[in-house]
Every structure is written in C-alpha cells, then in structure tokens.
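Input: a single structure, listed below in structure tokens.
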Amino acid sequence: MEINIRRKIHMDNDLQNKLRSFSIHEFQDDLINWYLTEKRDLPWRKDQDPYKVWVSEIMLQQTRVDTVIPYFTSFIEKFPTIEALADANEEEVLKAWEGLGYYSRVRNLQSAVKEVKESYGGVVPNSPHEISKLKGVGPYTKGAILSIAYNIPEPAVDGNVMRVLSRILSIWEDIAKPKTRKTFEDVTYELISRDDPSSFNQALMELGALICTPTSPSCLLCPVREHCTAFEEGVQAELPIKSKKKKPKPLQMAAAVLHDSDGNLYIHKRPSTGLLANLWEHPNFEIVATTGKTYREQLADYLQTEYEAKVVLSELAGTVEHIFSHLIWNISIFIAEVKNSPNENLVAVSPEELSKFAFPVSHQKIYQIYKGQNLA
DNA sequence: GAGTCGTGGCA
DNA sequence: TTGCCAAGACT
C-alpha cells in the first residue's frame, strides 16, 4: 500500500500534461550516463563524506566552482571533521573563509556543526525534517546533502536546475520569484532517478554548468537534446525567464589606516550581525553630505568621538571602490597617526599579527594603499 | 515577497 | 564600462 501524503501541488495543468508524455526513464539514463562519463574531477567528489558534501554545498552557494576549490581544500585540511570544526576557534574559522564572501554562511555552518556534534552524536542527520533545522541548511542544501551523501531521492533545486528544466519542459515562470522554486521541486520529484538520485541531481547541475549555460548553451553537445522542448522550438535562448534585480545603492565613506609611531595598527571588530559580521576593519564611517565639513575633518571628528583617538591625518591617500550585491562603497582613504591611547573599541596589532585577523576584501585594499604610501 | 548578505569573472 | 551573474538562506 502506497502512502499518500497530501501536499500542495505547484504545477499547473499544462505542466502536468507535459510530464505525462515525457520519457522519464530515457531522460534519466541519457543524463546520468553523460554525467558518469563527463563529470569534472572536483575535490568534494572524492568520497561521499556527508560533512565534506555539506561544506562544499555551503561554499558553492552563489559562488563559482573555480573560486571554491582552493578554499574547500584548505578548509578541509584545517577542519577535517565535524568534531574539528565544532571545536575550532571562531577567529580561525572566519579567517579560513576570508575573501569568500557571505560570511554568515560560515558562522551558521559552525553553529550547525556544533548542533550535530551535541544532538546527533556527530553524524549528519539523514532525515529531511532534522537536517532542515540546522542553521544555514535551506531547501537546496537539504536536498543536496540528502541526495549526494545519502542517496535519498530529494530534489536539490538551484539556479542550474531551474535553468535546465525550464528549457527541457519550456517553463515560462520567473525563476527570480521565490515561489517558482516550488514548481521546480515538484518537477524534479517527478523526474528524479530512484536508482541513483545522487548522480541525477549532480548531473542536472553539471549539465547547467558545462552545457546548458545561461548564455549560448551548447545544445549540439547536449546529451538530453532529444528531450528538450525549448531546443525543439528554438527558444532555448529565451529561457529561463528571470526578472532584473535592482542596482546597488552608492554610499560615500571615509576610512583611516590608524597607526602609532611604532607602526602598530589599530583595528575594529564589526558587530556580530549584519554586513560583514564579525570581520575586522580599519576605522571608517559613512559621510554626512549635509555638513559643511570636508571628509578629512569629518573623519577626525569621528575618530575622536567614537574611539577617543587624537590623530594627525594625512591628505587624501587614495580611494577604494567596493561593490556588494546591494551597496557600493566609495571610500576615501586617509592615513592617521595616533598621539594617545584610543579606547577599547580599537585593538592594537603589530603588522606581523595582522594576518591572523579576517578582513573583508575592501579593507585589504585599504591596507594596500597604506603600504604603498610607506614605500614612497 | 522583498531586501539583505560578498566577491571575482566575463561578455 | 556596465550588467549579470554563481551549486541560496535568512529576516
């Protein structure tokens, strides 16, 4: 007796009809056979260790494979097991993520790993309900870990999967809308191989990365071309539908590379929530356009009131532009020598110790300007 | 649902 | 140069 779980269906009648006439098993075979032959040799594919699969999936969120590879390798060397990551120093973990972006990912990962150690005996849970409760594990990552590490037929719908399947079945929904993902989860649940869900899910993503690319897909090399309704109609370049995101908002900032006469640097730890949480930075603030004061004067005032720092400021030493997903920082850089002891909101660090602290890329650029000035 | 949260690569 | 991303999750 088959268990009938009543759940909402996110497919319209047209899509359900397409699936009824779709050659599911032939599609699975063509896709998986291609994957087994052509898949890339990636470091997280050496085994099915659920921990390594987990780390790789978190790193790969919104991040390119080529970028992730060196981070994954060194991260696993430093923290080879769930136990190692759970017991690791937070600063060291953040340092291992430095430059990779979306830093809340690694904070959530370590938090979740501690939860697995304490509540699940160090074994990544293999049930959808339990794994979903872990911090940072959303619908995609849940399906990816369950299918890749445990070979459980759960959909793992990412941008690749939505692009590929929107073309295969000519689905004209806007993939930028959150609710559209549910449609593709329903579709994937109908299509996924029960014999090899791991290869099936990875094959869909691999196809999206190598063949069914966002622009100029290589349809003539595609192993599932015969199943693709968009190719049949010649509309593969029109799919998927994706609405535009809005432009990032520019902000004018001023920053000081603060040092004393011995060359020690004074740095600040950002708050534990929000943008670049827990990372270190050189003192900086957002310029107020309405005052009559220059950036340099505003910066001196800020260093005094925020850090009780009496400083001698250089003229403008350079500028740094840094683009986030939703913001653009235009930072004017000044060099500042402190003449007193600033308050406890700043930490004094020698240049040699600086490499132990995790900085966002924007503040690495700021420090480079300071080093350039010292050479001149 | 819309906004927040990084970074580097590429057409 | 500008836009658009690339294996999303959280609030």
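Treat the numbers as computed from the prediction; the structure is a model and nothing was measured. Every chain is numbered from 1 and lettered A, B, ... according to where its sequence line falls, protein lines coming before strand lines.
Within the structure, every pair that satisfies the side chain to side chain donor-acceptor pair (under 3.5 Å) test and touches residues 62-79 of chain A, not counting sequence neighbours, is listed here: Thr63(A)-Arg105(A). A side chain to side chain donor-acceptor pair (under 3.5 Å) check over residues 299-308 of chain A, counting only residues at least two apart or in different chains, returns the pairs Lys293(A)-Asp301(A).
dC4(C) and dG6(B) have their C1' atoms separated by 15 Å, with the value rounded to a whole Å. The same atom, C1', is picked in dA9(C) and in dG1(B); the two are 15 Å apart, to the nearest Å. Distance noted for atom P between dT4(B) and dA6(C): 22 Å (whole Å).
When the side-chain hydrogen bond (donor to acceptor under 3.5 Å, both in side chains) test is applied to Arg194(A), no partner is found at least two apart in sequence or on another chain. Listed by chain and number, the residues in a side-chain hydrogen bond (donor to acceptor under 3.5 Å, both in side chains) with Lys142(A) amount to none (sequence neighbours excluded). With sequence neighbours left out, Arg163(A) forms a side-chain hydrogen bond (donor to acceptor under 3.5 Å, both in side chains) with Asn160(A). Checked against salt bridge (Lys or Arg N to Asp or Glu O under 4.0 Å), Asp195(A) has no partners two or more places apart in sequence or in another chain. For Ser111(A), the side chain to side chain contact (heavy atoms under 4.5 Å, CB included) partners are Lys135(A), not counting sequence neighbours. Residues satisfying the side-chain hydrogen bond (donor to acceptor under 3.5 Å, both in side chains) test with Tyr51(A), not counting sequence neighbours, are none.
Of the candidates dG3(C), dG3(B), dC5(B), dC5(B) carries the atom nearest the Leu275(A) side chain, counting heavy atoms from C-beta on.
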Validation: residues 312-321 of chain A side-chain donor-acceptor distances under 3.5 Å, sequence neighbours left out:
| residue | atom | partner | partner atom | Å |
| --- | --- | --- | --- | --- |
| Ser314(A) | OG | Ile335(A) | N | 2.8 |
| Ser314(A) | OG | Ile335(A) | O | 3.3 |

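Contact annotation: Lys244(A) does not reach the phosphate of dG3(C) (side-chain N/O to OP1 or OP2, under 4.0 Å). For Thr141(A), a side-chain nitrogen or oxygen approaches OP1 or OP2 of dA9(C) to under 4.0 Å. Put simply, Lys242(A) has no side-chain N or O that comes within less than 4.0 Å of OP1 or OP2 on dC4(C).
Closest of all the heavy-atom pairs between Lys52(A) and Ile76(A) is CG-CD1, 3.9 Å.
Comparing Val361(A) and Lys177(A) by the nucleotide of DNA chain B that holds the closest heavy atom to each, the one mapping nearer the 5' end is Lys177(A). Mapping Lys179(A) and Gly101(A) onto DNA chain B by nearest heavy atom places Lys179(A) at the nucleotide closer to the 5' end.
Near-neighbour residues of DNA chain C inside residues 201-221 of chain A, defined by a heavy atom below 4.0 Å, number-ordered: Met205(A), Pro214(A). A heavy atom closer than 4.0 Å to some atom of DNA chain B occurs in His322(A), Ile323(A), Phe324(A), Ser325(A), His326(A), these being the qualifying members of residues 317-326 of chain A. Against DNA chain B, the stretch residues 44-67 of chain A makes heavy-atom approaches under 4.0 Å through Gln62(A), Thr63(A), Arg64(A).
Distance CD/Glu286(A) to CG/Asn330(A): 11.0 Å, rounded to 0.5 Å.
Using a 4.0 Å heavy-atom criterion, one finds that Arg107(A) contacts no nucleic acid atom at all. Within 4.0 Å (heavy atoms only), Leu100(A) reaches at least one base atom of the nucleic acid. Base contact: Arg40(A) has a heavy atom under 4.0 Å from a base atom.
The shortest side-chain heavy-atom distance between Arg40(A) and Glu206(A) falls under the 4.5 Å cut-off.
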